2 protein chains.
Amino acid sequence: MTTPGRTKTVGRISRAEQARATKAKLASAALDLFAKQGFAATSTRQIAETAGVSEGLIFHHYPTKLDLLLGVTSHHEVFGLKVRALMTDSKGVPVRGQLEALAQTFVSTLAPERKETMLVRVLLSEALTTPELGKLLHRTRETVIASIESYLQARIDEEELRSDLDPSVAAQGLLGALVWFFLTHQHLNPRAWRAQSRRYAQRLVDLWLRGALAEPRLSSSGSKVRRGASE
Amino acid sequence: MTTPGRTKTVGRISRAEQARATKAKLASAALDLFAKQGFAATSTRQIAETAGVSEGLIFHHYPTKLDLLLGVTSHHEVFGLKVRALMTDSKGVPVRGQLEALAQTFVSTLAPERKETMLVRVLLSEALTTPELGKLLHRTRETVIASIESYLQARIDEEELRSDLDPSVAAQGLLGALVWFFLTHQHLNPRAWRAQSRRYAQRLVDLWLRGALAEPRLSSSGSKVRRGASE
DNA sequence: GTCTATATGTTGATAGAC
DNA sequence: GTCTATCAACATATAGAC
């Protein structure tokens with residue numbers, strides 16, 4: 001009906017919406033490729049092809065290739081908030097349960113072959129040489145640590161955790177143990193991954209809570225507390 | 001007669017020795033540059049310039065740029081052995097001391113601004129996209145885990161550690177907590193690094209050994225065991 | 001063994017028509 | 001906003017003289 005080329009709206013989509021759509025398509029394609037091949041190894045040409053647009057168009061939406069990565073990243077910057085929300089709302093949940101939930105968040109977030117997981121790996125890798133990214137990662141890391149830390153402090157105040165526990169060390173140790181495991185087991189297939197990571201997460205929390213030392217032999221025997229069964 | 005193919009010694013250095021020297025010079029220059037800028041961001045031209053030889057010569061000694069990285073890497077592949085040696089010889093040392101020694105090894109090995117540290121970071125990063133490197137890292141990681149694990153198993157057998165402790169999880173958790181900390185604190189200057197990492201290492205080992213839980217209130221009060229003082 | 005010169009390809013980014 | 005055409009720079013790797 002309307003003459004094409006003349007009007008700003010084609011059907012129900014305005015030019016601006018169309019633009020936003022292509023921009024998103026570019027971001028999505030870039031994410032896929034970065035995750036698969038890394039940042040440096042992915043060319044703008046390839047991104048354009050995957051997105052189904054011309055190469056020059058990329059630079060209209062993103063002035064530089066790095067901006068593309070940053071755009072993609074900011075879009076997925078939710079992880080820190082997720083953890084913070086989880087650790088903040090902890091009414092009545094026992095420590096063990098709460099920490100297992102935290103670990104579970106990592107299990108489901110950093111599962112192999114998930115887009116976000118691969119993005120995280122690319123970011124960690126690229127942050128080495130791109131200071132801007134390094135700072136960004138550093139900030140989210142600190143956010144996560146801080147939420148865990150303040151949660152732990154609350155539990156210390158309520159005498160559920162040792163009074164001489166260093167919450168900062170405890171938080172960082174736990175986070176490190178989780179992240180490192182998940183990062184080094186990406187080669188597993190999803191089934192094996194789920195099984196192993198759940199088992200690891202649960203036992204790690206147990207270790208973290210109870211420690212590794214053998215219990216000093218006390219007078220009475222058989223007084224050992226059986227651990228909560230389940231799973 | 002002076003056989004052209006036979007001798008060729010200039011002064012006291014043979015041609016072969018000269019060649020080995022330049023090859024080493026190339027490896028050293030490559031290591032420096034890779035550590036500083038990453039693998040992909042370092043050009044063969046730059047390496048040649050730094051080493052003070054022509055660019056073409058690189059490919060005489062190393063068929064491809066990746067071979068250069070692998071060469072550099074294999075040269076520094078001693079870390080796994082270091083840990084193994086440390087954990088194997090543990091006569092009479094108490095668990096806490098032994099684990100603190102292990103942590104200390106990480107502190108001194110992964111200090112910031114050390115060449116090896118930066119190489120490790122580059123390798124971790126590059127392993128993402130280069131399968132060959134990924135396998136290599138995976139193997140050394142397993143070596144390290146295995147030595148720690150078998151040490152822990154021995155301590156379990158001698159009832160110094162909990163009988164229901166999972167040595168694999170314990171080893172991986174400890175390693176992860178250490179590596180992750182050191183990798184995420186590279187921005188610190190050497191002084192701050194030493195202070196913080198020592199403190200972290202010590203408290204982490206303590207946490208790992210004793211756990212985080214508050215001691216259940218027993219009948220008698222004041223019976224809490226004071227922690228070993230020192231440092 | 002080492003150099004110079006060059007092949008061959010790709011890269012990120014720009015200019016201008018539509 | 002999108003495309004086509006093209007840029008200069010730089011990449012890794014090779015060939016052949018010395």
Side-chain angles (χ1 to χ4, degrees), chain A residues 2-27 29-30 33-34 37-72 126 129-130 132, chain B residues 2-27 29-30 33-34 37-72 126 129-130 132:
Chain A
T2 50
T3 2
R6 179 70 221 109
T7 64
K8 330 178 176 177
T9 51
V10 184
R12 296 184 46 89
I13 9 164
S14 73
R15 247 174 123 84
E17 278 166 15
Q18 181 72 18
R20 231 177 301 128
T22 20
K23 192 167 176 177
K25 216 159 49 176
L26 276 171
L33 291 169
F34 288 160
Q37 325 170 335
F39 178 73
T42 303
S43 70
T44 51
R45 195 149 313 188
Q46 221 179 342
I47 296 170
E49 269 169 25
T50 307
V53 301
S54 81
E55 191 181 355
L57 191 50
I58 290 182
F59 299 95
H60 175 74
H61 291 289
Y62 301 93
T64 156
K65 192 185 166 189
L66 182 62
D67 286 309
L68 193 41
L69 178 57
L70 289 173
V72 166
E126 206 59 30
T129 48
T130 311
E132 202 167 349
Chain B
T2 61
T3 34
R6 177 73 205 96
T7 54
K8 239 7 189 241
T9 48
V10 184
R12 295 182 47 88
I13 10 161
S14 74
R15 247 175 122 84
E17 278 167 15
Q18 182 70 19
R20 231 178 301 128
T22 36
K23 191 168 177 177
K25 216 157 49 172
L26 276 172
L33 291 169
F34 289 160
Q37 324 170 336
F39 179 72
T42 303
S43 70
T44 51
R45 197 186 313 256
Q46 224 178 339
I47 296 171
E49 272 170 21
T50 307
V53 300
S54 82
E55 192 180 355
L57 190 52
I58 290 182
F59 299 94
H60 176 74
H61 290 289
Y62 301 93
T64 155
K65 194 185 164 190
L66 182 61
D67 286 309
L68 194 40
L69 178 56
L70 289 174
V72 166
E126 206 60 30
T129 48
T130 312
E132 200 167 350

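First the proteins, then the strands, lettered A, B, ... as listed; each starts at 1. In this text the structure is predicted, and so the values were computed from the model without any measurement. All values below come from the heavy atoms of this structure, side chains included, with hydrogens, waters and symmetry mates left out.
- A nucleotide of DNA chain C counts as in contact with chain B when one of its atoms lies under 4.0 Å from a heavy atom; the first and last such, 5' to 3', are C:dG1 to C:dT4.
- Note on residues 48-60 of chain B: no pairs pass salt bridge (Lys or Arg N to Asp or Glu O under 4.0 Å), not counting sequence neighbours.
- Nucleotide D:dT12 holds its P atom 13 Å from the CG atom of B:Asp67, rounded to whole Å.
- Separation of atoms CD (A:Glu132) and CD (A:Glu126) is listed at 12.0 Å; rounding is to 0.5 Å.
- Atom CG in A:Leu57 sits about 15 Å away from atom C1' in D:dA5, given to the nearest Å.
- Put simply, A:Ser54 has no side-chain N or O that comes within less than 4.0 Å of OP1 or OP2 on D:dT4.
- Interatomic distance, CG of B:Leu33 versus OG1 of B:Thr50, reported as 4.0 Å (0.5 Å rounding).
- Across the protein-nucleic acid pair, B:Ile58 atom CD1 and D:dA11 atom C1' stand 12 Å apart, rounded to whole Å.
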Using atom types as modelled, flag every donor-acceptor pair under 3.5 Å from a side chain in residues 64-72 of chain A to any protein atom, sequence neighbours excluded.
unit_1, atom_1, unit_2, atom_2, d
A:Thr64, OG1, A:Leu66, N, 3.2
A:Lys65, NZ, A:Phe39, O, 3.0
A:Lys65, NZ, A:Thr42, O, 2.7
A:Asp67, OD2, A:Thr64, N, 3.3

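- Rounded to an integer number of Å, the gap from CZ of A:Arg45 to P of D:dC10 is 17 Å.
- Comparing A:His60 and B:Glu55 by the nucleotide of DNA chain D whose heavy atom lies nearest to each, the residue mapping closer to the 5' end is A:His60.
- Here the P atom of nucleotide D:dT12 and the CD atom of B:Glu49 are 12 Å apart, to the nearest Å.
- Counting all heavy atoms, side chain and backbone alike, A:Leu26 lies closest to A:Ala51 at CD2-CB, 3.8 Å.
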